[in-house]
Amino acid sequence: MTTLTWAARCVAAVSGAVLAGTLLAPAAAAHQGPDPKAPAKQAAKKQPAKKQPAKKQPVKKQPTKKQPVKQAPKPAPARPAPVTEPGASELATGTKCTTSRDVSSTVVDFVASGLFETVFRSATDEQGHAFLNDSRNPGVWINLALVPGAPRCVYDTSVAVTEESPGHLFITLLASDGTLHQATCATNRNAPFTPSNLPTACAPGFTTLPDTPV
C-alpha cells in the first residue's frame, strides 16, 4: 500500500513538472522578444542623402556692345605741285611778288625803214607784271604774260629792235629768281602790236637764256 502511494506521488510529481514546463515555455518564449524596459535601440543610421549635382544654369550672354570703328583719318588732299616755271619762285614758295617799277624803250631810227621812228616800250609794275607798248597803238599796254613762257614775277625788262621792215623786236625779261627770258617778235610796218596778234608774232614764246650770271 505504501508502494502504491509513493508511486502515485512520483507520477503526480512528474505530471506537475511536465505541466510546469509546458506553462513556463510559452512565457519564456514570450520574454525572448525585446525588453520593453530596455532603452530603445538607436534607429538605423540614416544614410547621408546623396547630393544631386546642381544643375548649371545657362549663363546668359550679355549682348556685346559694338565698339564704334574708328576710321583712319582721311589723308589731306594733295596740294598742286608748286609752279616750277622759271621766274616763278615767289609763287612756288607762296610769297607775294613785289618789285619796283621799271621802263625800257627802243626806237627805229633808220629813215628808209617802214618802221622809222616807231618806239617800243616795256614796263613793269610793283606786282611783277610786264607790259609792252607799240607807239603806233597809243595807250595800249599789252600784258606780256600773253606770250607763252613769260615769267610770272618780272624784276626788269629790256627791248631792242632791228632797222629793217619786216624786222625783229627782242624782248628780254629778268625774273625774280635771276634768270633771263627772251622772246623774238616779228615786226610789221602795217600791223602794230596788239593783245590779239602779239602771241603769234612772238611765237614760240619766251625761252630761258642759259647760264645767266645774275
Side-chain angles (χ1 to χ4, degrees), residues 75-214:
R79 293 182 178 180
V83 179
T84 56
E85 180 182 348
S89 58
E90 280 76 8
L91 295 179
T93 57
T95 58
K96 184 178 180 180
C97 176
T98 303
T99 65
S100 60
R101 293 185 177 92
D102 178 73
V103 176
S104 178
S105 64
T106 184
V107 61
V108 178
D109 58 1
F110 182 51
V111 177
S113 173
L115 295 172
F116 180 64
E117 293 187 344
T118 300
V119 180
F120 299 99
R121 302 178 181 90
S122 62
T124 60
D125 61 11
E126 292 181 342
Q127 287 75 45
H129 303 120
F131 303 89
L132 177 70
N133 169 254
D134 186 333
S135 62
R136 294 172 296 173
N137 196 3
V140 177
W141 290 85
I142 307 167
N143 192 337
L144 290 176
L146 295 173
V147 181
R152 295 177 182 268
C153 187
V154 180
Y155 274 21
D156 200 356
T157 64
S158 176
V159 287
V161 65
T162 60
E163 302 289 345
E164 67 271 20
S165 179
H168 294 92
L169 173 68
F170 300 94
I171 306 173
T172 305
L173 304 179
L174 174 63
S176 59
D177 59 1
T179 57
L180 290 174
H181 303 263
Q182 185 176 16
T184 302
C185 308
T187 58
N188 189 322
R189 63 181 179 181
N190 297 319
F193 290 128
T194 64
S196 60
N197 65 18
L198 185 65
T200 303
C202 298
F206 284 96
T207 57
T208 304
L209 297 179
D211 304 324
T212 303
V214 178

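Please read these numbers as outputs of a predicted model, since none were measured by experiment.
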Handout entry: Approximate separation, where rounding is to 0.5 Å, of Asn197 CG and Cys202 SG
Key = 8.5 Å
Handout entry: side-chain contact (heavy atoms from CB on, under 4.5 Å) between Leu144 and Ile171, intermediate numbers included
Key = CA-CA 10 Å; Leu144 290 176; Ile171 306 173; 3.9 Å; yes
Completion exercise
Rounded to the nearest 0.5 Å, the CZ atom of Arg189 sits from the CZ atom of Phe116 at a distance of 14.5 Å
Completion exercise
Scanning both residues in full, the closest heavy-atom pair of Ser104 with Ser158 reads OG-CA, 3.6 Å
Practice task
Answer whether the closest heavy-atom distance between the side chains of Arg121 and Ser135 falls below 4.5 Å.
Solution key: yes
Fill in the blank from the handout: Of all heavy-atom pairs linking Pro148 and Pro204, the shortest is CB-O, 3.8 Å
Problem - Check: Asp102 main-chain N/O paired with Thr124 side-chain donor or acceptor under 3.5 Å - result: yes
Practice task
May I have the step-by-step check of side-chain contact (heavy atoms from CB on, under 4.5 Å) for Leu132 and Leu169, ending in yes or no?
Solution key: CA-CA 11 Å; Leu132 177 70; Leu169 173 68; 4.1 Å; yes
Practice task
Grab the two heavy atoms, one from Phe193 and one from Cys185, that are nearest each other, plus how far apart they are.
Solution key: CZ-CB, 4.1 Å
Exercise for the section: Could you check if a side-chain atom of Ser122 sits within less than 4.5 angstrom of a side-chain atom of Leu173, using non-hydrogen atoms only? Expected result: no
Handout entry: Stepwise side-chain contact (heavy atoms from CB on, under 4.5 Å) test for Asn133 and Val119
Key = CA-CA 8 Å; Asn133 169 254; Val119 180; over 6 Å; no
Handout entry: Heavy-atom closest pair, residues Thr212 and Leu209
Key = OG1-O, 3.1 Å
Completion exercise
On a heavy-atom basis, the closest approach of Ile142 and Leu146 is CG2-CD1, 4.0 Å
Problem - Side chain Thr157, main chain Thr172, donor-acceptor under 3.5 Å - result: no
Exercise for the section: Mind running side-chain contact (heavy atoms from CB on, under 4.5 Å) on Thr106 and Phe170 for me, showing each step along the way? Expected result: CA-CA 10 Å; Thr106 184; Phe170 300 94; over 6 Å; no
Handout entry: From OG1 (Thr184) to CZ (Phe206), nearest 0.5 Å
Key = 9.5 Å
Problem - Close side-chain approach of Thr99 to His129, heavy-atom, < 4.5 Å - result: no
Fill in the blank from the handout: The reported gap from OG1 in Thr118 to CZ in Phe110 (rounded to nearest 0.5 angstrom) is 13.5 Å
Exercise for the section: Evaluate the side-chain proximity of Thr187 to Leu115: yes if any heavy-atom separation is below 4.5 Å, no if none is. Expected result: yes
Completion exercise
Looking only at heavy atoms, the pair that brings Pro199 and Pro195 closest together is CD-O, 3.5 Å
Handout entry: Side-chain donor/acceptor of Thr162 to backbone N/O of His168, under 3.5 Å
Key = yes
Completion exercise
Residue pairs meeting side chain to side chain donor-acceptor pair (under 3.5 Å), one or both in residues 136-146, sequence neighbours left out, come to Asp134-Arg136
Exercise for the section: Find out whether Asp125 and Phe131 are in side-chain contact, i.e. whether some heavy atom of one side chain is under 4.5 Å from a heavy atom of the other. Expected result: yes
